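One structure is given below, encoded as structure tokens.
A note on names: the letters A, B, ... follow the listed sequences, proteins ahead of strands, and every chain is numbered from 1. Keep in mind it's a predicted model, so treat the numbers as computed, not measured.
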Protein chains: 2
Amino acid sequence: MTNETHDATNKLHAPVPLAECALARAIRTIGDEWTLLILREALCGVERFDAMRDDLGIPRSVLSQRLKQLTSEGLLQRKPYSLPGQRPRDGYVLTERGRALIPALAALREWAEIHLPGGPSRLRLQDSDGQKVTTRLIKEDGSPVDDVSAIVAVAHPPNTDPA
Amino acid sequence: MTNETHDATNKLHAPVPLAECALARAIRTIGDEWTLLILREALCGVERFDAMRDDLGIPRSVLSQRLKQLTSEGLLQRKPYSLPGQRPRDGYVLTERGRALIPALAALREWAEIHLPGGPSRLRLQDSDGQKVTTRLIKEDGSPVDDVSAIVAVAHPPNTDPA
DNA sequence: ACCCTGAGTCTACTTATTAGACTCAGGTTA
DNA sequence: TAACCTGAGTCTAATAAGTAGACTCAGGGT
């Protein structure tokens, strides 16, 4: 049945349906412009509602809705703070789950710096010792991936009926 | 003027405005649910309009609009193909700029697999030799970042007037 | 000449986003 | 104690985007 008459053009479908794909789940969770920009604010240490609003120009209602969503998904958590001479309020900070997104955000930043127009980026991610952090793509054996052009996505437990 | 009376709670604003931030540019370019899901399809080797539509359940008009956008931004390019006994048509494949997003997508996938509910991911990224590829966060000196909790975002040419 | 298929466009409907006024809580000041 | 101030929201009406599904269009096959 392996008829090779046509010239093996392109796949009809993705190897894995959306429901079984972690990447798709990630996209459904954080694949929204405002959501990502809010996570950037949190990564920058901005905790307060109005500060985020000022930085992003986001409507209050949308910011409120997204913060609720991110909190309920465990990416942000409320953190009480006090300014001198004011009543205590709640800000938002990244949870561990939220901070675990840093590699993805770092990779995005690196991509944009190299592959999008707009000049150099002024935002820098650094560790506690002041060293800049970057991402690297590696193989199972630890060797770096130099050329991304050969990478393919496949189903992991291979499909038994590729019909 | 460096008055330390309050307990150094939180930053009022991000260290870098959106216009000078590559991460923000990346988010504005690909920070959209359908856009990201389309890039996943392209990464999976799905080239054809109706195949993407079937996989994603995306409305035709939205798919058409996003493909135009991604093409004009240079992340996808049209690629003619022929099925036997049918007229030639155009599909879409990732450009070099589009493939350069693979590290970011890989990092996202890894995040979701570890930090989101939903069971193991069946989508696997591998190199031409069949080895799985993953991302790693490293410092300038090449040492791996083990703990993400100390990473901060700062302005790179430091702000001269942090007033 | 007619049919078939895949890539779109078009239309009417529903939902999300937006700007801006308004509310609410609680500490400060008089 | 009462009026006041500030920051975090909610509410409302107008606009924009997303959606489902019918329709169009191109070109090879029959």
Can you give each donor-acceptor pair under 3.5 Å made by side-chain atoms of residues 53-62 of chain A, sequence neighbours left out, with the distance rounded to 0.1 Å?
unit_1	atom_1	unit_2	atom_2	d
A/Asp55	OD1	B/His13	ND1	2.8
A/Asp55	OD2	B/Ala14	N	2.9

Contact list for DNA chain D against residues 23-41 of chain B - heavy-atom distance below 4.0 Å = B/Trp34

Would you mind reading off the distance between B/Leu83 atom CG and C/dG6 atom P, rounded to a whole angstrom?
-> 8 Å

Heavy atoms of other groups near A/Arg122 CZ, more than 12 under 6.0 Å | yes

Has B/Tyr92 got a side-chain N or O lying under 4.0 Å from the OP1 or OP2 atom of C/dG6?
-> no

For atom CG of A/Asp90 and atom P of C/dG27, their distance in whole Å | 13 Å

Could you list by number each residue of residues 53-66 of chain B showing a heavy-atom separation from DNA chain C of less than 4.0 Å, or answer none if no residue does?
-> B/Arg60, B/Ser61, B/Ser64

Out of A/Glu41, A/Arg78, A/Met52, A/Lys79, which residue meets the side chain to side chain contact (heavy atoms under 4.5 Å, CB included) rule with A/Glu47?
-> A/Lys79

Distance check: side-chain N/O of A/Lys68 vs OP1/OP2 of D/dA8, anything under 4.0 Å?
-> no

Between N or O atoms, less than 3.5 Å apart, protein on one side and nucleotides 3-5 of chain D on the other: list the pairs.
none

Taking only N and O in the side chain of A/Tyr81, is any of them less than 4.0 Å away from OP1 or OP2 of D/dA8?
-> yes

Do any pairs count as a side-chain hydrogen bond (donor to acceptor under 3.5 Å, both in side chains) and have a residue in residues 93-105 of chain A, sequence neighbours left out, and if so which ones?
-> none

To the nearest 0.5 Å, atom CG of B/Leu101 lies from atom CG of B/Leu108 at 10.0 Å

Find the distance A/Asp50:CG to D/dG9:P and express it as a whole number of Å.
-> 9 Å

Lys/Arg-Asp/Glu bridge criterion (N-O < 4.0 Å) met for A/Lys132, A/Asp127 = no

A/Thr135 versus A/Glu110, side-chain donor and acceptor atoms under 3.5 Å = yes

Under 3.5 Å between N/O atoms: give me all the protein pairs with nucleotides 26-30 of chain D, atom names plus distance.
unit_1	atom_1	unit_2	atom_2	d
D/dA26	N3	B/Arg87	NE	3.1
D/dA26	N3	B/Arg87	NH2	2.7

State yes or no: do A/Ile151 and B/Tyr92 share one hydrophobic cluster built from I, L, V, M, F, W and Y residues joined by side-chain heavy-atom distances below 4.5 Å, directly or via other members?
-> yes

For atom CE of A/Met52 and atom P of D/dA8, their distance in whole Å | 10 Å

Separation between CG of B/Asp90 and CZ of B/Arg48, rounded to the nearest 0.5 Å = 12.5 Å

